[in-house]
Amino acid sequence: MASLLLSLFAFSLFKIAYAAAPAGPIPRSVTWAPKSYGVEGPWWAVRTQLGTPPQIIDLLPGGSFQSVVLGSEVCGGTSCDAQTAGLYNSDASSTAFTQTGPPSVTNGTNFMTRGINYTFVFDTMSPVTNIEGAPDVHIPSFDMVVWTAGSNEFPGGSKYGLQIGNLALGATDINQSWPNDGEPRANGTLVPSFLFDAGITPSNSYGLHVGSVAMGIPPSLYFGGYEQSRVLGLVTAQDYGLNFLPIDLLDISIGVAVGNSPFDFSSKAGLLASGNASIGPALQVHVDYNPPYISLPRSTCDAIAAELPVHFEPSLGLYLWNTTNPNYTTIVTSPSFLGFTFRLNASISQNMTINVPFSLLNLTLTPPAVTQPTAYLPCSPLSDNGQPNLGRAFAQAAFVGVNWQTDGQGTWFMAQAPGPNTPSAPEGVATSLQAFDRFIVPSSNDWVDTWKLTWKPIGADTVHVNSSTPGVTVSPSPKSTSAPSSPISPGAIAGIAIGAICGVVLIGTGVWYIIRRAKRSRRGTGSSFNMLSPRQDPPIAMYHGYKRDGGFGPQEVHGSSAPGAQQMPTPQTKYYHREELQGDHEHPPKRNTRYTREGFPGEHAYELQSQEL
Ligand SMILES: *[C@@H]1O[C@H](CO)[C@@H](O)[C@H](O)[C@H]1NC(C)=O
Ligand SMILES: *[C@@H]1O[C@H](CO)[C@@H](O)[C@H](O)[C@H]1NC(C)=O
Ligand SMILES: *[C@@H]1O[C@H](CO)[C@@H](O)[C@H](O)[C@H]1NC(C)=O
Ligand SMILES: *[C@@H]1O[C@H](CO)[C@@H](O)[C@H](O)[C@H]1NC(C)=O
Ligand SMILES: *[C@@H]1O[C@H](CO)[C@@H](O)[C@H](O)[C@H]1NC(C)=O
Ligand SMILES: *[C@@H]1O[C@H](CO)[C@@H](O)[C@H](O)[C@H]1NC(C)=O
Ligand SMILES: *[C@@H]1O[C@H](CO)[C@@H](O)[C@H](O)[C@H]1NC(C)=O
Ligand SMILES: *[C@@H]1O[C@H](CO)[C@@H](O)[C@H](O)[C@H]1NC(C)=O
Ligand SMILES: *[C@@H]1O[C@H](CO)[C@@H](O)[C@H](O)[C@H]1NC(C)=O
Ligand SMILES: *[C@@H]1O[C@H](CO)[C@@H](O)[C@H](O)[C@H]1NC(C)=O
Ligand SMILES: *[C@@H]1O[C@H](CO)[C@@H](O)[C@H](O)[C@H]1NC(C)=O
């Protein structure tokens, strides 16, 4: 109770601090939809407002370049599932701009989608939670591909309707521009670059942990920064590709974090290359959250499945949990996990591991994808030449962030994300990512502690993983006891209590969370928000941002290089780059992409402000 009062008190203090308009760029969060989506999830979704007057559209966060939005045509005149997340009608928006030319057909970005008809549309979009005292943020010409027809198809041929689109999280490009059949070029704006360009956030970046609806892990998405409590242990930083986040996967193992093993081994490594000599020391995978599954070579999925009470269902191309096998419940409630070991920082000698507890791999296929709810293991065997990808199921346990750069020096980050016992930071208590940061600072929280209240250790409560460095296995302690007991130390209880209250409320409805968000999103008048003025751009060495102790004010740049050494573009700097994209499912060949970056970000901010206010 004391903790609850304390948190309420902290909340009121926070609100007072928040009433003041921010004095400079700060990380900005999103509004989360009050319901979850996905017939293979469920997943949390971002609530956006599209067009003029605004149409409420929920989108799953993930992907790069243009966002996929489902158009009002997808239901073909009848009612269909996709309506739940909101369908976009460009004819009903006064600010919509549709690229000319006939609609095109593709199989879509998600390997399951087929027969997608699409057009490119640009419209005003509100992506971020509003801040009291600051004007609402409206992105002009938000870059969308509107799907007007299509379906999902399982390998066995059974189909189900499109469900929900995605909110893309930027690209190396600041903006995009396409030829438009003699008309003025079609210009599209991407969310994180717009926010940075307009001086609203400190960098063209994002930090995302999608969380888990079933396990009550709230989602976290910030532009221009990240929530530090979502980043645990070693952080790997590496280059990104044009429209994908590649990393070398070194191995997959099964382990147990605490207590006795539900398996007949305490840990088992070598699952990635098991039974497949053609997989060498590493397999390059992409981390793209739009596909729901973990897509790996058949041999790898089979090696994982061989240790679990699952069987392969060819018509779905997935493994179904045998829920009548008593080992199913034991495994998915135990502290056992699937460990993904990656190359750390593109190093040939260092690695890091992200542990995905089996409780997060107990996902459920629901109608209309299947006739009745079916528990499945989200390992999806690749067809020949398929690209290995760690999709949204993996993302439940992994923090991912990208700091986009136009100079080819951008970086993407990945780290272990926490479990359900995660402090829900008040809006705004996020860590800024500065424009040229190449690393992010993890929290000192212990990964095991974030799951402690949720999983059920078997027998003893001996910890087997080095929690501050989740990948590292420690040798079993000799003094393990056989009595299952609460592993929480008295000192930890106070700290956990607030998180536990949040966790309990979140499971099921998420009501508290939504109300909290709604309170934060009250509209401001805009009159006192002057951060967009270029004349007030802070000197390079000193950004104005949110101070972690509450309130806005100058914040020192934390970075590997001395602040003065940061290479901020001067107002004279001009970058121009033009690139023809090869045709593929994600980027049809008729499009090309361009980015320009002229001058200091504040220059554009001034123009935008005078247009909008
Ligand atoms: C879509 O996938 C089907 C097979 O599932 C294939 O026959 C067809 O050619 C593909 N269409 C496009 C446009 O790639
Ligand atoms: C999709 O586009 C193709 C080609 O333009 C067209 O033949 C087809 O009827 C469209 N499908 C739907 C459902 O609109
Ligand atoms: C897109 O940008 C180009 C170059 O800045 C400009 O010439 C064109 O008019 C713009 N298109 C629209 C529709 O505003
Ligand atoms: C359950 O797991 C144990 C330990 O791995 C194994 O010995 C046993 O055969 C399994 N039981 C079933 C019904 O699969
Ligand atoms: C073995 O791994 C390769 C990738 O290196 C993959 O293309 C192939 O399909 C795998 N074989 C099986 C049987 O999964
Ligand atoms: C599921 O497990 C039970 C108990 O071990 C077993 O009898 C049954 O055959 C299994 N079913 C499948 C489909 O594997
Ligand atoms: C597996 O997930 C489903 C859906 O969230 C849940 O109802 C079920 O209790 C879970 N199974 C176990 C053994 O926890
Ligand atoms: C990861 O690094 C540790 C220690 O450096 C090493 O013992 C282990 O074999 C490595 N794992 C993989 C899969 O490369
Ligand atoms: C990984 O790279 C980042 C950025 O270069 C660096 O800050 C970090 O210390 C590196 N981590 C390790 C363990 O070397
Ligand atoms: C756990 O990892 C940390 C950081 O790498 C290290 O300092 C510590 O000694 C490790 N603890 C054990 C028990 O291996
Ligand atoms: C990007 O697009 C926005 C909105 O159309 C525009 O205001 C801004 O000047 C563009 N930035 C660059 C660098 O082209």
Side-chain angles (χ1 to χ4, degrees), residues 95-101 120-124 140-143 173-190 194 197 233-234 236 247-255 262 267-274 279-283 285 300 305-316 318-332 338-355 374-377 465-466 469-475 574 576-578 591-599 603-604 607-608 611:
T95 42
F97 175 84
T98 303
Q99 192 181 18
T100 55
F120 289 101
V121 184
F122 309 91
D123 203 344
T124 301
S141 303
F142 171 63
D143 192 345
D173 308 25
I174 293 285
N175 285 338
Q176 291 190 292
S177 179
W178 294 275
N180 195 26
D181 291 354
E183 306 283 323
R185 293 179 69 87
N187 302 318
T189 312
L190 307 172
F194 173 86
D197 223 17
L234 291 172
T236 175
I247 190 166
D248 279 352
L249 179 61
L250 304 178
D251 197 13
I252 294 177
S253 57
I254 288 174
S267 69
K268 188 165 218 158
L271 298 174
L272 175 64
S274 173
I279 299 177
L283 179 72
V285 298
T300 306
E307 310 299 339
L308 302 171
V310 295
H311 63 275
F312 186 66
E313 176 48 58
S315 67
L316 302 174
L318 291 167
Y319 300 81
L320 304 185
W321 287 102
N322 181 350
T323 53
T324 58
N325 186 321
N327 285 352
Y328 156 71
T329 306
T330 311
I331 291 167
V332 305
L338 207 52
F340 292 77
T341 302
F342 300 95
R343 221 183 265 299
L344 174 72
N345 282 355
S347 154
I348 56 163
S349 56
Q350 291 178 290
N351 64 53
M352 57 89 73
T353 300
I354 290 177
N355 294 333
T374 306
Y376 78 102
L377 174 78
V465 293
N466 186 338
T469 322
V472 181
T473 305
V474 299
S475 37
K574 282 186 193 287
Y576 184 78
H577 176 78
R578 183 194 179 98
R591 312 187 80 192
N592 56 41
T593 182
R594 181 192 71 149
Y595 59 74
T596 60
R597 163 90 178 257
E598 294 172 13
E603 301 288 325
H604 298 297
E607 289 163 26
L608 286 165
Q611 281 164 16

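Both ligands and their constituent atoms are indexed starting at 1 by order of listing. Because the structure is predicted, anything quoted here is derived from the model rather than measured.
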Protein non-hydrogen atom below 4.0 angstrom of atom 2 (O) of ligand 8 present: yes
In this structure, atom 4 (C) of ligand 6 is nearest to the protein heavy atom N325 CA, 4.1 Å
Is any heavy atom of the protein nearer than 4.0 Å to atom 14 (O) of ligand 6? yes
Would you mind checking which non-hydrogen protein atom is closest to atom 5 (O) of ligand 8, with the distance to 0.1 Å? S349 O, 4.4 Å
Could you measure the distance from the CD1 atom of I354 to the CG atom of L338? Nearest 0.5 Å is fine. 12.0 Å
Nearest heavy-atom contact between Y376 and L318 is CD1-CD1, 3.8 Å
For ligand 6, which atoms, with element, lie under 4.0 Å from some heavy atom of H311? 13 (C)
Distance filter under 4.0 Å to T341 heavy atoms, resulting ligand 8 atoms: 13 (C)
Against P262, only a single residue in N327, I254, T330 fulfils side chain to side chain contact (heavy atoms under 4.5 Å, CB included); can you say which? T330
Could you tell me whether atom 8 (C) of ligand 8 has a protein heavy atom closer than 4.0 Å? yes
On a heavy-atom basis, the closest approach of D248 and R343 is OD2-NE, 2.8 Å
Which of the numbered atoms in ligand 6 are below 4.0 angstrom from a heavy atom of N322? 1 (C), 2 (O), 3 (C), 8 (C), 10 (C), 11 (N), 12 (C), 14 (O)
Taking W321 for the side chain and V310 for the main chain, is one N or O donor matched with an acceptor at less than 3.5 Å? no
Grab the two heavy atoms, one from D251 and one from A269, that are nearest each other, plus how far apart they are. OD2-CB, 3.5 Å
Geometric N/O contact N351 with ligand 8, under 3.5 angstrom: yes
Rounded to the nearest 0.5 Å, what's the gap from OG1 on T236 to CG on N351? Could you check? 10.0 Å
Would you say atom 11 (N) of ligand 8 makes contact with the protein, given that contact here means a non-hydrogen protein atom less than 4.0 Å away? yes
